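Just so we're clear, the structure is a prediction, and the values are computed from it rather than from any experiment. Chain letters run A, B, ... following the sequence lines, proteins first and then strands; every chain starts at 1.
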Amino acid sequence: MARKPRGLPDKREGLIHAEQAMIERVTAVYRCWGFEGLDTGAVEFADALGKFLPDDDRPNAGVFALQDDDEQWLSLRYDLTAPLARFAAENWQTLPKPFRRYAAGPVWRNEKPGPGRFREFLQCDADTVGAGGAHVDAEMIAMAAEAMRAAGAGDGEFTVRVNTRRLLNAVLEGIGATGETARLTILRALDKLDKFGPSGVADLLGAGRMDASGDFTKGAGLSIDGVKRVLAFAEAGRATRGETLEALGTVVGTGEEASAGLAELDAITRALEAFGAPETDIVFDPSIVRGLDYYTGPVFEAVLLKQTVDDQGGVVQIGSVGGGGRYDDLVARFTGEKVPATGFSVGISRLAAAFAMAGTIGALNGPVVVLNMDRDDPSEALRLATELRNAGIRAEAYMGSSGMRPQMKYADRRGAPAVVMAGSDELAKGVVTIKDLKVGAAKAAAISSNQEYREARPGQFEAPRADLVARVRAIVEAEDE
RNA sequence: GCCGCCUUAGCUCAGUUGGUUAGAGCGCUAGUUUGUGGAACUAGAGGUCCUUGGUUCGAUCCCAAGAGGCGGUACCA
């Protein structure tokens, strides 16, 4: 049976093109900000990828893993950050420091896929390794907003939301949540503010929450007062960065970690202003948590606000299309030496999927198709196609064995801007017949009877054989505008 | 992982109270038109009725298990 594992998408021309174009525009932004390219292999030793080592029971939980000849565990990379940490650790001596690189390529996660969620997808990252300080994070944040715009998100279609782990820690400390299990449960609940709203999050912080299928999720078991304080923090986001900072000041308390967190956001604000980052693109959002493990300071997330609808007409919440943050301990795992680092990643596949659902990915033009008018001897079609290609026009001679009508349908389905015909009639007259398919389709819309349609031959004309290239080029160039 | 729903043609779905050749619409391939995309008409191709086991004289239909799909939830480094 021909069947495809889900989450591993087949991509046709239009999507391939959209993703590649997006990668080119995003990496152009990264290069402009001074980052250099780095490619690493798709597979790493499993232990280089972090704590998610394959175990004997479930070697493929989360990551795709396999054993080498010598029985070492290898894994397909699940992001581009862990391989960077491995590379930086291995080559630290010889690298310019701080090391600033970008990378683009596929990553794999063995998780349940859904709309906009894949098991193989493209990411486009930029990271600065070996530099601490809020201005370095602010650079990532400002560049992230620019990258989102380069990727095709317009005014009001996205925001970059920023938070810091320090404030989260301060709040947890403030309500006396010291146990690791409780901390994780609270952070996970916070992260779902977007999804479930304040009352859903309150349930998760308290006793627990029942989902639509009747399944129950146990909550963090906080007191009423604890729930109130955590929610007050999560909902402290305001329209501007300054207002949010002010609101946060009243809910995070006066502890050391709280002050450090506020100072961090304040420093980021000042740097963002220096970078000229638009206030509308970047907000502080205390409910942003991100993944739980390797981030140590500021965390940020790019969210697509643009409304997307699937082919059944249902609204799809795409949500996060990029993320990043500071990870000061990742390189230390290899070298033992603490190396500060921060980075950002655009989820190219998810963004492209969102744009495809929003209908912003247009169909590409196909090649000019030269019809084969002589089943016994296709030479003339081959010659004409060659002549067009030599002139730099994308063209092919029809390679099938069908008659005229299927050949026209073929050209139509390929999105050909034009077809060229040269049968015995044309050869005798020293001409070629050229049909502009787009013009033809437009004219045909006004014709109802088939007989009239056939006689009118809309969009079609004869040209001297010598004018072939010039006449076809005019049609192709008109299409490209 | 857990919960719920689902699985018959490429797609959307009928249908058989368990009976011999399983249907429609759309799509596809072609013809009507030496040699013209859409429309119309005509013809054709395409199915282990998800799989395996059970019950039965007989299963696409009943029972069980499994796989796959969709949605929710958990996890998401």
Side-chain angles (χ1 to χ4, degrees), chain A residues 1-7 46 48-53 57-58 61-63 75 77-82 85 107 109-115 117 119 184-185 188-189 191-192 195-196 200 204 208-218 289-295 310-312 314 316 320 323 325 327 329-330 333 345 369 371-375 398 400-416 418-427 433-460:
Chain A
M1 274 301 280
R3 58 199 196 115
K4 183 183 73 62
R6 60 184 175 155
L49 292 182
K51 69 162 192 160
F52 279 75
L53 305 182
D57 298 338
R58 301 179 60 199
V63 299
S75 291
R77 63 187 180 197
Y78 57 77
D79 69 9
L80 298 174
T81 309
V107 304
R109 295 185 191 182
N110 193 4
E111 293 167 0
K112 182 181 163 180
R117 275 179 83 90
R119 293 203 289 179
L184 291 180
T185 311
R188 285 170 188 151
D191 203 31
K192 298 197 166 49
K195 205 170 175 183
F196 299 150
L204 285 172
R209 178 179 179 276
M210 185 88 76
D211 75 32
S213 72
D215 201 18
F216 184 75
T217 308
K218 195 168 179 297
V289 175
R290 300 290 303 161
L292 295 173
D293 255 20
Y294 65 42
Y295 292 121
D310 64 21
D311 34 0
Q312 313 293 322
V316 177
S320 172
Y327 50 98
D329 297 331
L330 209 53
R333 231 187 30 230
S345 176
V369 174
L371 304 196
N372 181 9
M373 309 295 279
D374 184 344
R375 282 175 208 234
Y398 176 75
S401 54
S402 299
M404 184 96 185
R405 190 168 125 110
Q407 295 195 40
M408 288 299 294
K409 289 179 85 161
Y410 172 81
D412 192 42
R413 186 170 292 184
R414 289 298 308 276
V419 298
V420 175
M421 293 164 264
S424 50
D425 296 355
E426 285 86 355
L427 281 174
T433 298
I434 297 168
K435 182 163 191 164
D436 183 328
L437 291 183
K438 303 284 156 62
V439 167
K443 284 189 179 166
I447 300 175
S448 55
S449 95
N450 193 40
Q451 192 186 351
E452 193 188 337
Y453 170 74
R454 282 167 170 280
E455 283 166 5
R457 307 240 155 126
Q460 187 169 323

Quiz item: R6(A) side chain N/O closer than 4.0 Å to the phosphate oxygens (OP1, OP2) of rC70(B)?
Solution: yes

Quiz prompt | Heavy atoms from other residues, nucleotides or ligands near NZ of K4(A) exceed 12 (cutoff 6.0 Å) | solution = yes

Self-check item: Under the salt bridge (charged side-chain N to carboxylate O under 4.0 Å, His left out) test, residues paired with D329(A) that sit two or more places apart
Solution: K338(A)

Quiz item: About how many Å separate OH of Y327(A) and OH of Y295(A), when rounded to the nearest 0.5 Å?
Solution: 8.5 Å

Quiz item: For the pair made of CD in Q407(A) and P in rG38(B), what is the distance, rounded to whole Å?
Solution: 14 Å

Quiz item: Rounded to the Å, how far apart are Y78(A) OH and rA77(B) C1'?
Solution: 4 Å

Quiz item: How many Å lie between CG on D374(A) and C1' on rG35(B), as a whole number?
Solution: 12 Å

Quiz item: Rounding to a whole Å, what distance do you find between M210(A):CE and rC2(B):C1'?
Solution: 14 Å

Practice problem: Under the salt bridge (charged side-chain N to carboxylate O under 4.0 Å, His left out) rule, collect the residues that match up with K438(A), sequence neighbours excluded. | Solution: E479(A)

Exercise. Kindly write out the residues that satisfy side chain to side chain donor-acceptor pair (under 3.5 Å) with D412(A), not counting sequence neighbours, or none if the list is empty.
Key: none

Expected list for residues 402-411 of chain A: side-chain donor-acceptor pairs under 3.5 angstrom, two or more places apart:
unit_1  : atom_1 : unit_2  : atom_2 : d
Q407(A) : OE1    : N372(A) : N      : 2.8
Q407(A) : NE2    : N372(A) : O      : 3.0
Q407(A) : NE2    : S402(A) : O      : 3.1
Y410(A) : OH     : E396(A) : OE2    : 2.5
Y410(A) : OH     : R414(A) : NH1    : 2.8

Self-check item: Bracket string, RNA chain B, 5' to 3' - pairs by Watson-Crick or G-U geometry under 3.5 Å, | interstrand
Solution: (((((((..((((.....[...)))).(((((.......))))).....(((((..]....))))))))))))....

Self-check item: Distance-only donor-acceptor test (3.5 Å): side chain K112(A), base rU73(B)
Solution: yes

Exercise. Could you tell me whether the side chain of Y410(A) has a donor or acceptor atom within less than 3.5 Å of a complementary atom in the base of rG37(B)?
Key: no

Quiz item: Roughly how many Å is it from CE in M421(A) to C1' in rU36(B), rounded to a whole number?
Solution: 6 Å

Exercise. List for me each residue that meets side-chain contact (heavy atoms from CB on, under 4.5 Å) alongside S345(A), sequence neighbours excluded, and say none if there are none.
Key: Q123(A), D125(A)

Self-check item: Interatomic distance, M373(A) CE vs rU36(B) C1' [rounded to whole Å]
Solution: 8 Å

Quiz item: Between rG69(B) and K4(A), is there an OP1 or OP2 to side-chain N/O distance shorter than 4.0 Å?
Solution: no

Exercise. Ignoring backbone atoms, test whether K195(A) places a side-chain nitrogen or oxygen under 4.0 Å from the OP1 or OP2 oxygen of rU73(B).
Key: yes

Practice problem: Would you state whether a donor and an acceptor, one from the side chain of Q460(A) and one from the base of rG37(B), lie under 3.5 Å apart? | Solution: no

Practice problem: Look at the side-chain N and O atoms of R188(A) and state whether any lies under 4.0 Å from the OP1 or OP2 oxygen of rC76(B). | Solution: yes

Quiz item: Looking at residues at least two apart in the chain, or sitting in another chain, which of them share a salt bridge (charged side-chain N to carboxylate O under 4.0 Å, His left out) with E111(A)?
Solution: R117(A)

Quiz prompt | Atom-to-atom span, CE of M404(A) to P of rG35(B) - whole angstrom | solution = 8 Å

Practice problem: Report the residues that fulfil salt bridge (charged side-chain N to carboxylate O under 4.0 Å, His left out) with R209(A), sequence neighbours left out, ordered by chain and then residue number. | Solution: none

Exercise. May I have the distance from L204(A) (atom CG) to rA74(B) (atom P), rounded to whole angstrom?
Key: 7 Å

Exercise. Take nucleotides 28-34 of chain B nucleotide by nucleotide from the 5' end and write B, S or -, depending on whether a protein heavy atom sits under 4.0 Å from the base, only from the sugar-phosphate, or from neither.
Key: SSSBBBB

